[in-house]
Amino acid sequence: MSFCLRAIRVIRSLVASVFILKYVIEIYVSMSFCLRAIRVIRSLVASVFILKYVIEIYVSMSFCL
């Protein structure tokens with residue numbers, strides 16, 4: 001009887017740790033996806049700023065010419 005109770009406790013703790021691990025993995029995956037999305041957005045914003053400066057330089061040069 002006590003062996004069965006111990007076995008049930010061990011199985012319960014294993015199941016609980018698997019569920020916790022699942023949630024940790026899900027959080028990690030969602031965070032890494034968010035970080036990737038933030039990097040993509042940053043690079044897009046940077047490219048827009050670079051494009052803006054290129055257009056301003058082009059417009060000022062064509063105006064001078």
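It should be emphasised that the depicted structure is a prediction, and the values quoted were computed from it without experimental measurement. When a residue number appears, it is its place in the shown sequence, counting from 1.
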Report task. Any salt bridge (Lys or Arg N to Asp or Glu O under 4.0 Å) involving residues 17-43? Give me the pairs, sequence neighbours left out, ordered by first then second residue. Result ->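 Qualifying pairs: Lys22-Glu26.
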
Check which hydrophobic residues are tied to [X] through side-chain heavy-atom contacts below 4.5 Å, counting indirect links as well, and list them.
X: Val18; result: none
X: Tyr53; result: none
X: Leu14; result: Val10

Query raised in the report: What pairs with Ile25 under side-chain contact (heavy atoms from CB on, under 4.5 Å), at least two apart in sequence or on another chain?
Result: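 Counting only residues at least two positions away or on another chain, Ile25 forms a side-chain contact (heavy atoms from CB on, under 4.5 Å) with Leu21, Val29.
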
Query raised in the report: Who passes side-chain contact (heavy atoms from CB on, under 4.5 Å) against Val45, sequence neighbours left out?
Result: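 Val45: side-chain contact (heavy atoms from CB on, under 4.5 Å) contacts with Ile41, Phe49.
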
